[in-house]
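Scroll down for the structure; my scribbles are underneath it.
All values below come from the heavy atoms of this structure, side chains included, with hydrogens, waters and symmetry mates left out. In what follows, every chain begins at residue 1, and chains take the letters A, B, ... in the order their sequences are listed.
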2 protein chains.
Amino acid sequence: MARRVTSHDVAALAGVSRSAVSLVLNGRAEGVISAENQAAVRAAAKELGYRPNGIARSLRSAATHTIGVITDSIASGTYGGAMISGATDVAARKGYLLLAIDSHQDRELEVEAVDMLRARQCDALLFAAEGLHSWQPPESFLAEKCLLLNAFDPQGRVAGVVGDEEVGGRRATELLLEAGHRRITYLTGTDEVIANGRRITGHREAIERSGAHSTLVPCGWEIDAGLETGTRVLDVAEPPTAIMCANDRVAAGVFLAAARLGLRIPEDLSVVGYDDDPNVAPQLGLSTVLLPHRAMGERAASLLLGALDGKELPTGEIPVDSPMVRRESVAAPRS
Amino acid sequence: MARRVTSHDVAALAGVSRSAVSLVLNGRAEGVISAENQAAVRAAAKELGYRPNGIARSLRSAATHTIGVITDSIASGTYGGAMISGATDVAARKGYLLLAIDSHQDRELEVEAVDMLRARQCDALLFAAEGLHSWQPPESFLAEKCLLLNAFDPQGRVAGVVGDEEVGGRRATELLLEAGHRRITYLTGTDEVIANGRRITGHREAIERSGAHSTLVPCGWEIDAGLETGTRVLDVAEPPTAIMCANDRVAAGVFLAAARLGLRIPEDLSVVGYDDDPNVAPQLGLSTVLLPHRAMGERAASLLLGALDGKELPTGEIPVDSPMVRRESVAAPRS
DNA sequence: GTGAAAGCGCTAACAA
DNA sequence: TTGTTAGCGCTTTCAC
């Protein structure tokens with residue numbers, strides 16, 4: 001770690017002043033610095049491997065090109081990483097980097113994290129939640145340009161980028177309706193998960209518009225719940241021709257239930273999942289609604305970057321489309 | 001975003017000089033600043049909500065309390081997040097934050113990422129790989145305090161924190177041996193995955209020491225390979241009494257194969273996996289070797305932090321223990 | 001026990 | 001067209 005090269009060294013080697021170096025390297029030299037001096041500066045910079053000290057530059061310009069991110073437990077799940085990764089990529093493309101810290105769902109740590117990030121003069125703040133939920137931002141968070149990811153502010157003071165769960169619930173239902181199903185069962189998740197209610201709303205909308213019939217059966221989120229509830233629902237005189245599942249793991253349970261009962265998918269039973277879980281959906285050939293985590297992260301970063309560019313930040317919830325991933329688990333019902 | 005509070009404001013309110021503020025707030029005031037002035041400074045700082053500007057402090061002290069992290073594609077898999085999360089937590093506890101950027105396995109982006117991180121004066125650099133592999137650090141990377149995570153330098157110039165795959169392979173094997181198995185089949189992964197060879201080495205060691213017999217059958221890493229190869233291996237006159245699997249997904253395939261053939265686990269067949277995949281192992285009750293991603297991340301951060309504290313960085317590979325997770329899939333063979 | 005002054009590396013206004 | 005200067009906010013001698 002030899003002493004760092006500074007603009008002073010470059011200026012000396014090129015035989016110009018430090019300001020000349022600054023102008024040339026920041027593209028503000030045209031018509032200000034002679035062509036040969038420009039060349040000399042560039043040559044010297046290259047020879048010395050000069051990189052401007054970002055800290056000094058930040059101090060001067062009062063901009064760190066850094067977005068502070070508070071995550072609530074992002075690494076524990078399968079999906080959180082995709083959001084952060086999407087945000088990182090979009091930010092990096094504009095020269096911004098993410099400074100991340102995890103609060104482990106601890107309110108005190110959250111506040112402390114905001115403080116740490118603010119002390120480092122982040123240009124903007126982002127709060128990212130593993131699972132969609134309501135989040136009350138501390139005052140210090142609101143003092144900056146800020147945004148929520150996979151979360152929303154109950155008081156609506158900050159905008160939040162979220163997956164469009166209603167559309168997702170509607171799409172999954174419509175896929176079954178369009179295939180011709182009229183007797184549909186929806187194995188729902190649990191109410192403490194906010195997405196659940198929204199998906200149900202979307203589902204009901206689609207059903208009502210169609211005139212078909214659906215039954216909602218509380219189930220849960222895990223494979224064994226899918227197996228158990230799926231078996232109960234299917235092992236009756238007039239079973240549904242299609243099942244919509246709370247998520248892909250439940251769908252996997254339904255696959256098992258169907259296999260047990262000798263029902264083939266999709267010939268005897270159509271199944272649609274939710275999440276596009278990479279560990280489940282492709283293996284099963286499951287048609288499912290994609291939770292657009294990466295796109296959400298990208299969206300959040302680009303909104304924040306826009307705000308730093310002077311654009312207005314939106315308010316309220318910013319839904320990101322949840323597309324349908326079609327595989328082989330849905331077909332027309334046996335007539 | 002009202003104008004930021006500076007030490008100047010605090011000094012003015014407390015009626016002292018800026019240097020006094022600095023001394024008090026950094027705990028260097030004892031015996032230097034009068035008790036009442038100290039109290040005044042603290043009161044003023046609190047009232048104004050003063051936080052020292054980290055950028056200015058960094059410029060002054062030439063230390064940013066930041067670790068730059070280059071990831072190669074960390075968010076795409078199930079495990080990468082745990083490493084980063086472990087590192088983040090350990091670093092945060094010492095006031096360090098991670099500045100992360102993803103190279104998407106692109107060499108040019110890698111070099112650029114190192115440049116960006118160096119320009120921001122990170123105190124140390126970490127390269128983290130999703131899957132264990134060899135990585136050739138650019139010169140610019142080596143110019144800093146640096147370390148590899150889940151990777152190793154073929155030329156040995158930087159140390160790399162890795163999971164102990166040999167021990168893992170040995171442990172999995174020993175679990176079966178201790179249960180009394182003498183006819184074991186190992187469904188191996190593929191050679192382009194470096195961990196595979198190491199696990200095989202560990203496996204062979206354990207087998208040789210025991211005098212038991214094992215057969216290695218190339219299989220792969222996915223559930224369908226496990227099902228297919230598992231079926232082939234089990235559907236013979238004298239099948240193995242235990243199967244060791246390349247990973248947990250393969251083990252899931254073996255579970256399916258066993259079910260098809262009417263073999264109960266663990267009564268008729270013992271199975272051991274690798275990874276402790278949270279999406280697979282608990283659901284199956286699978287005994288498996290834990291890939292200690294979080295511990296690896298923690299280890300890397302604490303080594304780097306130690307180095308910043310003046311301690312020597314080790315060289316070569318730094319293995320982190322891969323513990324056995326015992327569940328129900330292993331029992332004594334039917335005699 | 002306290003405050004003035006210098007300087008980290010950079011950029012932008014200003015003077016030459 | 002160029003170089004000099006001031007200052008971002010902080011810490012740390014060094015006089016007082």
Side-chain angles (χ1 to χ4, degrees), chain A residues 1-41 44-45 48-66 95 116 118-123, chain B residues 1-42 44-45 48-66 95 118-123:
Chain A
M1 296 226 287
R3 198 180 64 75
R4 269 285 172 36
V5 190
T6 75
S7 70
H8 190 91
D9 304 322
V10 178
L13 181 60
V16 300
S17 72
R18 290 189 325 144
S19 31
V21 173
S22 169
L23 288 173
V24 171
L25 265 28
N26 291 305
R28 243 179 279 285
E30 226 40 65
V32 183
I33 306 283
S34 68
E36 42 185 309
N37 274 352
Q38 286 194 39
V41 166
L48 297 172
Y50 171 67
R51 309 241 20 171
N53 181 320
I55 294 294
R57 185 182 268 188
S58 293
L59 179 59
R60 179 68 237 239
S61 64
T64 54
H65 290 261
T66 300
M116 282 181 82
R118 298 225 314 154
R120 283 165 187 250
Q121 320 297 120
C122 292
D123 296 338
Chain B
M1 295 226 286
R3 200 180 63 75
R4 267 288 174 30
V5 197
T6 75
S7 70
H8 190 89
D9 304 321
V10 178
L13 181 61
V16 299
S17 72
R18 292 175 32 200
S19 30
V21 173
S22 170
L23 289 172
V24 172
L25 264 28
N26 291 304
R28 243 178 280 283
E30 226 40 67
V32 183
I33 306 283
S34 69
E36 39 185 310
N37 275 352
Q38 287 195 38
V41 166
R42 272 184 244 280
L48 297 173
Y50 171 67
R51 312 241 17 171
N53 181 321
I55 294 293
R57 183 182 270 186
S58 292
L59 179 59
R60 177 67 232 244
S61 65
T64 54
H65 291 262
T66 300
R118 298 225 314 155
R120 284 168 186 248
Q121 321 296 120
C122 292
D123 296 338

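For A/L59 and D/dC8, the CG to P distance is 9 Å, given to the nearest whole Å. Rounded to whole Å, atom C1' of D/dC10 lies 16 Å from atom CZ of A/R60. Put simply, NE2 on A/H8 is 15 Å from P on C/dT11, counting in whole angstrom units. If you measure from atom CZ of B/R120 to atom P of C/dC8, you get 23 Å, rounded to the nearest angstrom. Rounded to an integer number of Å, the gap from B/I33 CD1 to C/dA4 C1' is 14 Å.
Across all their heavy atoms, A/A63 and A/S58 have their closest contact at O-OG, 3.2 Å. Contact detail for B/H65 and B/G95: the closest heavy-atom pair is CB-O, 3.7 Å. When all heavy atoms of A/Y50 and A/V5 are compared, the pair lying nearest together is CD1-O, 3.6 Å. Between B/Q121 and A/G54, the shortest heavy-atom distance links the atoms OE1-N, 3.9 Å.
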Please tabulate, for the side chains in residues 13-21 of chain A, all donor-acceptor contacts under 3.5 angstrom to protein atoms that are two or more places apart in sequence or on a different chain.
residue	atom	partner	partner atom	Å
A/S17	OG	A/S19	OG	3.1
A/S17	OG	A/A20	N	3.2

Counting only pairs under 3.5 Å, give me each side-chain donor-acceptor contact of residues 31-40 of chain B, with atom names and distances, residues two or more places apart or in other chains.
residue	atom	partner	partner atom	Å
B/S34	OG	B/N37	N	3.4
B/Q38	OE1	B/R42	NH2	3.0
B/Q38	NE2	B/I33	O	3.1

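Contacts of B/S22 classified as side chain to side chain contact (heavy atoms under 4.5 Å, CB included), with partners at least two apart in sequence or in another chain: B/N26. For A/S7, there are no side-chain hydrogen bond (donor to acceptor under 3.5 Å, both in side chains) partners at least two apart in sequence or on another chain. Annotation: salt bridge (Lys or Arg N to Asp or Glu O under 4.0 Å) contacts of A/R57 (sequence neighbours excluded): none. Every residue two or more places apart in sequence or in another chain was checked for a salt bridge (Lys or Arg N to Asp or Glu O under 4.0 Å) with A/R60, and none qualifies. A/T64 meets the side-chain hydrogen bond (donor to acceptor under 3.5 Å, both in side chains) test with A/D123; sequence neighbours excluded. Every residue meeting the side chain to side chain contact (heavy atoms under 4.5 Å, CB included) condition with A/L59, not counting sequence neighbours, appears here in chain and number order: B/I55, B/A56, B/L59.
Across residues 14-26 of chain B, B/V16, B/S17, B/S19 each have a non-hydrogen atom less than 4.0 Å from an atom of DNA chain C (numbered order). Using a 4.0 Å cut-off on heavy atoms, the residues of residues 50-57 of chain A that approach DNA chain C are A/Y50, A/P52, A/N53, A/A56, A/R57, listed by number.
When the nucleotides C/dA12, C/dT2, C/dG7 are ranked by their closest atom to the side chain of B/S34, C/dT2 comes out on top.
Between D/dC10 and B/S7, a contact under 4.0 Å exists linking OP1 or OP2 to a side-chain N or O. Contact check, A/N37 against D/dT1: no side-chain N or O comes under 4.0 Å of OP1 or OP2.
Note that the two end axes of the helix from C/dG1-D/dC16 to C/dC14-D/dG3 enclose an angle of 50°, each drawn from 5 base pairs, rounded to 10 degrees.
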Please list, pair by pair, any protein nitrogen or oxygen found under 3.5 Å from a nitrogen or oxygen in nucleotides 14-16 of chain D.
none

